[in-house]
Every structure is written in C-alpha cells, then in structure tokens.
Amino acid sequence: MAAPFEILIARIETLDVDAVVNAANKELMPGTGVDGAIRAAAGAELTHLTNTLAPLEDGEARLTPGFNLSARHIIHTAAPIWTTPGEKGTKVAGLAACYQACIAAAGKESLTSIAFPCLGTGNFGWPRDFACAIAVAACEEALPQAPSITRVVFCCFTEADATPYRAALA
C-alpha cells in the first residue's frame, strides 16, 4: 500500500480534514501549544466537554466533535514525556501507540483524513528527528487496519519541523 502521507507547514487548527489530533495532556485540561490553539479555535464547548471526561491512559486516543473547527473531529492523545525518568523503550512504544490509537479511532469512524501535529516535540521534550521517525513508522504500521483513511497529514508549525518528515518519507 502506498502510504497517503502529506507534509504541510500550517496551523493544525485551520485544516479542513475529518480529524485533527490534539497533543493533549493526560488530564485533558487546557494547555498551551497545539492544545491551546485547538481549544481557542474550537471554542469553549470543547473544554466544557473535556472537563467531563476521564483522563487519558498511555497510548489512548479519544475522539470528540470539532466544534468550531473546520475539522469535524478532534482526536486527543497524550505523548509520554521524554524528559521524565523511565525506560526509553517504554517511551518509544508509548509514542508509537499514540499514533496507532489515533489512526484506529479515525478508522473506527470511517474517517478519510487525519492531521497530526509533531506529537511530543514541544513541552514534552522529544528530539524532533527521533519523534518523526517513530511517527512515520507507527502510521505505516497502523494504516492497513484503517482502510478508510486516504490522507494522513503531518502538520508542521515550522520548516524545521517539516525537514525530518521529508527525509523520512523520501
């Protein structure tokens, strides 16, 4: 299967896709970065809803409406924090599980397009190139189980974010 990957330098909250992935924290509490941008664009209804939800488990993804976004849905997932103590292999598996769970959630709803931010590379401290390689591999592994997905966007905030994706997909 030819992977349906696309790299965009954009603001994820502006994309017209079936689902955008939110780089959430486990408690689904309002945050900064991607989470803050998505919440600001989606509107207060998103935070009202997430306040009623249980915390995310490692590698879990949770789908909510997109509210005021162009995207119909938001898929929330929380990457492991790279800079906290713990086994590297466990953290790598946890980051991969985030991507796989998001694709599974999108596939369960028969969505056709999903956009990912650079999970974990902001406040959670993951090295950009390393996290990118995990993202691409995890998505390639998960896509055969979600045949409805025909477009996977790696939405990068800067050219520096996009460079490792271009290299990984070359």
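The residues of the chain are indexed from 1 along the displayed sequence.
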Just grab all the ring-ring contact (aromatic ring centres under 6.0 Å, His included) pairs involving [range], residues at least two apart or on different chains.
range: residues 27-73; answer: none
range: residues 91-121; answer: Y99-F116
range: residues 137-156; answer: F5-F154, F154-Y165

Quick check: does any side chain N or O of [X] sit under 3.5 Å from a backbone N or O of [Y], one acting as donor and the other as acceptor?
X: K26; Y: P55; value: no
X: R62; Y: A54; value: yes
X: D18; Y: T112; value: yes
X: W126; Y: P80; value: yes
X: T52; Y: L49; value: yes

Minimum heavy-atom separation for [X] to [Y], with atom names?
X: I12; Y: A115; value: CD1-O, 3.5 Å
X: R11; Y: E13; value: NE-OE2, 2.6 Å
X: C132; Y: A168; value: SG-CB, 4.1 Å
X: N25; Y: A78; value: C-CB, 3.8 Å
X: H76; Y: A24; value: CB-CB, 4.2 Å
X: A42; Y: I74; value: CB-CD1, 4.2 Å

Could you grab the distance from atom [atom1] of [X] to atom [atom2] of [Y], nearest 0.5 Å is fine?
X: T77; Y: Q100; atom1: OG1; atom2: CD; value: 10.5 Å
X: E45; Y: N68; atom1: CD; atom2: CG; value: 5.5 Å
X: T90; Y: D58; atom1: OG1; atom2: CG; value: 9.5 Å
X: C155; Y: E6; atom1: SG; atom2: CD; value: 10.0 Å
X: I38; Y: T47; atom1: CD1; atom2: OG1; value: 11.5 Å

Under 4.5 Å between side-chain heavy atoms, counting indirect links through other Ile/Leu/Val/Met/Phe/Trp/Tyr residues: same cluster for [X] and [Y] or not?
X: L8; Y: I75; value: no
X: L119; Y: V20; value: no
X: V21; Y: V153; value: no
X: F157; Y: V34; value: no
X: I134; Y: I103; value: yes

*Please check if atom CD in Q145 has more than 12 non-hydrogen atoms from other residues, nucleotides or ligands closer than 6.0 Å.*
yes
*Taking everything shown except F130 itself, do over 12 heavy atoms lie less than 6.0 Å from its CZ?*
yes
_Derivation and outcome, side chain to side chain contact (heavy atoms under 4.5 Å, CB included), residues T64 and N22_ = CA-CA 10 Å; T64 65; N22 182 19; over 6 Å; no
Would you indicate whether the side-chain heavy atoms of [Y] and [X] approach each other to under 4.5 Å?
X: R72; Y: L111; value: yes
X: L69; Y: L46; value: no
X: V152; Y: I149; value: yes

*Side-chain donor-acceptor pair under 3.5 Å between N123 and T32, yes or no?*
yes
